[in-house]
Visitor: 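Below is a structure I'd like to ask you about.
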Amino acid sequence: MISLTVAVCAFLALEGTAAAQETEEQETVGGLAFVDEVQVTVVNIDVFVRDRDGKPVTGLSEEDFRLSQDGTPRILSHFAAYTQEVISDIMAVQQQNDAAAFLPVPSEDEGESGPVDEIERLAELVQPVYIVLYVDNENIRPFDRNRVLTQVRRFISEVMQPHVEVMVISVQRSPEIVQPFTDDPKAVKDALRSLTQIYGARTDRDRDRGRLIRDMQGLMDEAPNSGVRAESAAAAELESRIRAYADEMAIELGYSINSMREVLTTLAGLPGRRILVHISSGLPAVPAWDLINWYGEIFQKTSALPMMARFNRRQLYESLASSANSQGVSFYTIDASGLIGATAASAEHARPIDPMVASIHQINYQEPLLVLAERTGGRAIVDSNDVTRLLEEMRDDLFTYYSLGYTLSSSGSDTVHKIEVELPGHPQYDLVYRSTLVEKSLETQVQDRVVSGLMLALDDNPMALEITAGVAQPASSDRWILPVEVAFPIESIALLPEAGEYVGRVVLFVANRDATGKQSDVQRRQFEIRMPPEDYATRRNESYVAELNLLLQAGEH
């Protein structure tokens with residue numbers, strides 16, 4: 001039996017009508033054509049400025065900043081400075097049913113630039129904020145997780161202002177939404193509390209690593225007396241086991257990266273700022289890097305170098321950071337291991353391991369967290385048992401920042417731009433911002449919105465689409481064809497005169513996700529509407545029905 005919830009989106013496609021942009025006399029019947037929409041994009045760059053002590057810097061003006069795109073200086077079209085007090089004032093005004101009835105009339109001295117006008121101007125620039133608390137149970141120790149989540153629960157109310165919503169996701173091979181986006185701090189705290197009994201898979205990998213370390217130390221003890229060498233059977237067996245351990249870690253890491261990509265893609269269609277707080281006991285840059293390096297030094301094995309090259313996964317993290325930038329998501333990464341990360345690795349062994357090995361192990365798991373945060377304009381916290389410092393920095397980033405805006409003439413295609421922001425007169429300050437801007441085509445934006453709708457409840461139906469599912473028919477032993485009708489009012493479609501007819505084109509984007517989390521690619525279907533001009537008056541209130549056949553596996557979609 002197939003139960004269906006459809007994620008579908010439509011936009012108008014007016015192919016062959018480029019001339020309409022240049023000819024104002026071009027007649028359009030029905031809904032607004034997308035070619036008549038504003039062709040200039042306003043880009044907002046949020047910049048966080050901190051002093052040497054890490055404290056937010058306020059009081060800077062538009063003249064203090066210099067912004068360049070792809071090496072070319074850009075003139076700012078708008079500038080806004082936000083603080084906790086400013087945003088609180090904005091939220092208070094927005095919560096009133098009729099702001100004008102409660103606002104004092106500006107004095108003649110204040111004129112149009114009075115404080116009320118400034119609050120209203122800033123309110124237009126405040127973006128909604130979506131925070132995902134991403135608890136990576138595949139890469140965390142239960143004790144680490146529960147200690148950190150306790151601190152997060154205590155702090156969560158400080159970041160949940162009216163314009164901030166938080167989602168809680170638990171990951172074990174695939175992401176599970178424990179709490180959908182909400183502005184209720186209690187719901188978030190309850191969701192985090194429910195995760196404290198989940199088993200952390202990192203414990204198993206620590207146990208396997210401990211066995212390899214003990215056996216490595218045992219071979220080191222035997223070497224002077226029994227002449228254990230690299231070509232011995234014992235050494236060869238140990239190398240094989242290290243390789244198998246690294247292989248398993250690499251496979252598990254692949255699942256972890258894919259899960260993060262899936263969540264990033266889901267967030268792409270949301271407006272405003274998007275933050276992913278990744279909570280783990282670290283992620284390996286090179287699975288088993290410390291063991292491979294140690295083994296190579298003990299037995300002078302040249303095979304250790306190609307093994308490290310084979311398992312190097314740094315490019316995966318660079319790619320993940322690029323994906324986050326393209327989806328407009330910043331990583332805030334928490335290493336839940338705390339200060340005991342390196343020393344704990346040796347506590348379970350018969351004797352302490354080499355300090356260099358312990359150091360490599362710690363660096364290996366912290367490096368990706370730092371890369372993800374740095375590349376996406378976020379922040380990372382490592383080597384600390386108290387993660388509230390990172391949470392405080394995130395709170396400051398949410399409520400104390402500068403918004404720099406400039407106009408970008410749309411290229412109509414997906415393009416990556418390099419952004420650089422400077423404070424020429426204040427070299428003593430540190431700047432954090434997203435250094436990569438991904439300009440997205442209209443089609444990509446629509447596809448992002450469709451994918452977001454697969455996991456998030458989006459109340460967005462401007463074309464008044466109506467979806468009707470038919471009766472599924474078997475296509476094979478495990479697949480079904482589900483007929484779906486998508487109806488929308490003809491009067492919502494822009495029709496253009498063409499060869500004596502009114503012609504409109506609509507593109508539907510459709511995607512599905514099943515109950516296990518498997519997700520299809522976005523499919524694109526175009527439909528054409530034609531009618532004689534004299535029929536429009538009688539048919540404009542009718543609905544056009546587009547028919548789709550979805551090939552699905554049995555189950556809930």
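Note that the structure is predicted; figures quoted are calculated from it, not measured.
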Visitor: With side-chain hydrogen bond (donor to acceptor under 3.5 Å, both in side chains) as the test, would you mind laying out the steps for Gln362 and Asp383 before giving the verdict?
Guide: CA-CA 9 Å; Gln362 186 173 20; Asp383 294 328; 2.6 Å; yes
Visitor: Treating Glu165 as the side-chain partner and Asp183 as the backbone partner, does any N or O pair qualify as donor plus acceptor under 3.5 Å?
Guide: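 Not at all, since once roles are kept as given, no pair shorter than 3.5 Å links the two residues.
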Visitor: Tell me whether Ser452 contacts the main-chain N or O of Thr266 through its side chain, where contact means a donor paired with an acceptor under 3.5 Å.
Guide: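 Yes, the answer is positive, given that a donor and an acceptor are paired below the 3.5 Å cut-off.
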Visitor: Salt bridge check: are Arg243 and Glu248 linked by an N-O gap of less than 4.0 Å?
Guide: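 Salt bridge flag = no for Glu248 with Arg243.
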Visitor: Are Thr388 and Asp386 linked by a side-chain donor-acceptor pair shorter than 3.5 Å?
Guide: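 Checked: Thr388/Asp386 side chains pair up, N/O donor to acceptor below 3.5 Å.
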Visitor: When you measure from the centre of the six-membered ring of Tyr365, is the NZ or CZ of Arg202 under 6.0 Å away and within 45° of the axis?
Guide: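 Yes, a cation-pi geometry.
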Visitor: Between Leu212 and Leu238, does the side-chain contact (heavy atoms from CB on, under 4.5 Å) criterion hold? Intermediate values first, please.
Guide: CA-CA 8 Å; Leu212 289 169; Leu238 183 59; 4.0 Å; yes
Visitor: Could you give the distance from CD (Glu239) to CG (Leu291), rounded to the nearest 0.5 Å?
Guide: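 That separation rounds to 12.5 Å.
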Visitor: Ignoring hydrogens, what is the shortest heavy-atom contact between Lys440 and Gln445? Give both atom names and the distance.
Guide: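 Residues Lys440 and Gln445, closest heavy atoms: O-NE2, 3.1 Å.
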Visitor: State, with a plain yes or no, whether a side-chain heavy atom of Leu398 is found less than 4.5 Å away from one of Ile131.
Guide: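 Sidechains of Ile131 and Leu398: in contact.
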Visitor: Using side-chain heavy atoms (C-beta onward) and a distance below 4.5 Å, is Val171 in contact with Val135?
Guide: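 They are not in contact (no side-chain heavy atoms under 4.5 Å apart), so the answer is no.
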Visitor: Show the nearest heavy-atom pair for residues Leu369 and Thr333, with the distance to one decimal.
Guide: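 So the minimum-distance heavy-atom pair works out to O-OG1, 2.9 Å.
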Visitor: If you count the non-hydrogen atoms of other residues, nucleotides and ligands that lie under 6.0 Å from CD in Gln428, is the total more than 12?
Guide: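 Yes - once you tally the heavy atoms of other residues, nucleotides and ligands closer than 6.0 Å, there are more than 12.
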Visitor: So, do Glu252 and Ile257 sit near enough that their side-chain heavy atoms are less than 4.5 Å apart?
Guide: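 The answer is no, as the side chains (C-beta and beyond) never meet within the 4.5 Å cut-off.
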Visitor: Can you list the residues that meet the ring-ring contact (aromatic ring centres under 6.0 Å, His included) rule with Tyr255, with sequence neighbours excluded?
Guide: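 For Tyr255, no residue satisfies ring-ring contact (aromatic ring centres under 6.0 Å, His included) once neighbours in sequence are set aside.
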Visitor: Check for me whether the distance between the ring centres of Tyr82 and Tyr402 falls short of 6.0 Å.
Guide: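 Centroid separation for Tyr82 and Tyr402: 6.0 Å or greater.
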Visitor: Does some side-chain heavy atom of Val166 sit less than 4.5 Å from a side-chain heavy atom of Met160?
Guide: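 With C-beta onward as the side chain, the pair touches.
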Visitor: Run the side-chain hydrogen bond (donor to acceptor under 3.5 Å, both in side chains) check on Asp136 and Asn139 step by step: do they pass?
Guide: CA-CA 6 Å; Asp136 192 346; Asn139 296 283; 3.0 Å; yes
Visitor: Quick check for you: to the nearest 0.5 Å, what is the distance between Ser322 atom OG and Leu264 atom CG?
Guide: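 Going from the OG atom of Ser322 to the CG atom of Leu264 covers 11.0 Å.
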Visitor: Determine, for Asp215 against Arg241, whether the closest basic-nitrogen to carboxylate-oxygen distance falls under 4.0 angstrom.
Guide: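 Salt bridge present between Asp215 and Arg241.
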Visitor: Looking at every non-hydrogen atom in both residues, tell me the closest pair between Tyr295 and Ala235 and how far apart they are.
Guide: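 Heavy atoms of Tyr295 and Ala235 come nearest at OH-O, 2.8 Å.
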Visitor: Quick one: does any side-chain atom of Tyr199 pair with a main-chain N or O of Asn137 as donor and acceptor, under 3.5 Å?
Guide: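 Flag not set: sc Tyr199 to bb Asn137 has no pair under 3.5 Å.
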Visitor: Step by step, would you call Ser157 with Lys189 a side-chain hydrogen bond (donor to acceptor under 3.5 Å, both in side chains)?
Guide: CA-CA 9 Å; Ser157 296; Lys189 293 176 183 179; 3.2 Å; yes
Visitor: Please walk me through it: do Val159 and Leu391 pass side-chain contact (heavy atoms from CB on, under 4.5 Å)?
Guide: CA-CA 8 Å; Val159 300; Leu391 299 174; 5.9 Å; no
Visitor: Where do Arg261 and Ser323 land on the side-chain hydrogen bond (donor to acceptor under 3.5 Å, both in side chains) test, with the steps shown first?
Guide: CA-CA 7 Å; Arg261 286 188 189 279; Ser323 295; 2.7 Å; yes
Visitor: State plainly whether the residues Arg52 and Asp430 are in salt-bridge range, i.e. N to O under 4.0 Å.
Guide: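 Salt bridge: yes.
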Visitor: Is it true that Arg193 and Asp190 make a salt bridge, defined as a side-chain N closer than 4.0 Å to a carboxylate O?
Guide: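 Salt bridge flag = yes for Asp190 with Arg193.
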Visitor: Could Asp396 and Arg379 be called an ion pair, given the rule that one side-chain N must be under 4.0 Å from one carboxylate O?
Guide: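 Not counted as a salt bridge, because no side-chain N and carboxylate O are separated by less than 4.0 Å.
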Visitor: Can Arg273 be said to sit on top of Tyr401's aromatic six-ring, NZ or CZ under 6.0 Å from centre and within 45° of the ring axis?
Guide: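 Arg273 over Tyr401 ring: yes.
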Visitor: Has the side chain of Asp414 got a donor or acceptor atom that lies under 3.5 Å from a matching backbone atom of Ser441?
Guide: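 Yes, Asp414 side chain to Ser441 backbone: donor-acceptor pair under 3.5 Å.
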Visitor: Would you sort out whether Phe181 and Tyr130 count as a ring-ring contact (aromatic ring centres under 6.0 Å, His included), showing the intermediate values?
Guide: CA-CA 8 Å; Phe181 278 118; Tyr130 297 92; 5.1 Å; yes
Visitor: Could you tell me if the side chain of Arg313 sits less than 4.5 Å from the side chain of Val286, heavy atoms only?
Guide: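 No, every pair of side-chain atoms sits at 4.5 Å or beyond.
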Visitor: Strictly distance-based, threshold 3.5 Å: is any side-chain N or O of Thr400 a donor or acceptor partner for the main-chain N or O of Pro56?
Guide: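 Side chain of Thr400 to backbone of Pro56: no pair is present.
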Visitor: Looking at Gly282 and Asp335, what are the two nearest heavy atoms and their distance?
Guide: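 Taking Gly282 first and Asp335 second, the nearest heavy atoms are N-OD1, 3.8 Å.
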Visitor: Over all heavy atoms of both residues, which pair between Ala336 and Val148 is shortest? Give the atoms and the distance, please.
Guide: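 So the two residues come closest at CB-CG2, 3.6 Å.
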Visitor: Can you tell which of Val178, Leu149, Ile279, Asn146 makes a side-chain contact (heavy atoms from CB on, under 4.5 Å) with Leu192?
Guide: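 Considering Val178, Leu149, Ile279, Asn146, a side-chain contact (heavy atoms from CB on, under 4.5 Å) with Leu192 is found only for Leu149.
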Visitor: Below 4.0 angstrom, N of the basic side chain to O of the carboxylate: do Glu393 and Arg389 qualify?
Guide: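 Looking at Glu393 and Arg389, the cut-off is met.
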Visitor: Can you find a heavy atom in the side chain of His278 that is under 4.5 Å from one in the side chain of Ile334?
Guide: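 Answer no - side chains too far apart.
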Visitor: If you measure from the Lys or Arg side-chain nitrogens to the Asp or Glu carboxylate oxygens, is any gap between Arg207 and Asp204 under 4.0 Å?
Guide: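 A salt bridge links Arg207 with Asp204.
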Visitor: Would you indicate whether the side-chain heavy atoms of Met167 and Ile169 approach each other to under 4.5 Å?
Guide: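 A side-chain contact exists here, since the closest heavy-atom pair is under 4.5 Å.
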Visitor: Hey, does the side chain of Arg375 reach the backbone of Ala321 with a donor-acceptor pair shorter than 3.5 angstrom?
Guide: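 No, Arg375 side chain to Ala321 backbone: no donor-acceptor pair under 3.5 Å.
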Visitor: Which heavy atom in Ile363 sits nearest to a heavy atom in Trp289, and how many Å separate them?
Guide: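 Heavy-atom minimum between the residues: CG2-CZ3, 4.5 Å.
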Visitor: Has Arg145 got a side-chain atom pairing as donor or acceptor with Ile198's backbone, closer than 3.5 angstrom?
Guide: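 Judged by distance alone, yes, a pair lies under 3.5 Å.
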Visitor: A side-chain contact here means heavy atoms from C-beta on lying under 4.5 Å apart; do Glu367 and Arg314 qualify?
Guide: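 In contact.
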Visitor: Should the pair Asp247-Arg310 be classified as a salt bridge under the 4.0 Å nitrogen-to-oxygen rule?
Guide: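 Salt bridge: yes.
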Visitor: Please check if the side chain of Tyr433 supplies one atom and the backbone of Val421 the other of a donor-acceptor pair under 3.5 Å.
Guide: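 Answer holds: yes.
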Visitor: Does Pro355 offer a backbone N or O that forms a donor-acceptor pair with the side chain of Ser359 under 3.5 Å?
Guide: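 A pair under 3.5 Å: no.
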Visitor: Report yes or no: does Ser281 contribute a side-chain atom to a donor-acceptor pair with the main-chain N or O of Arg141 at less than 3.5 Å?
Guide: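 Present.
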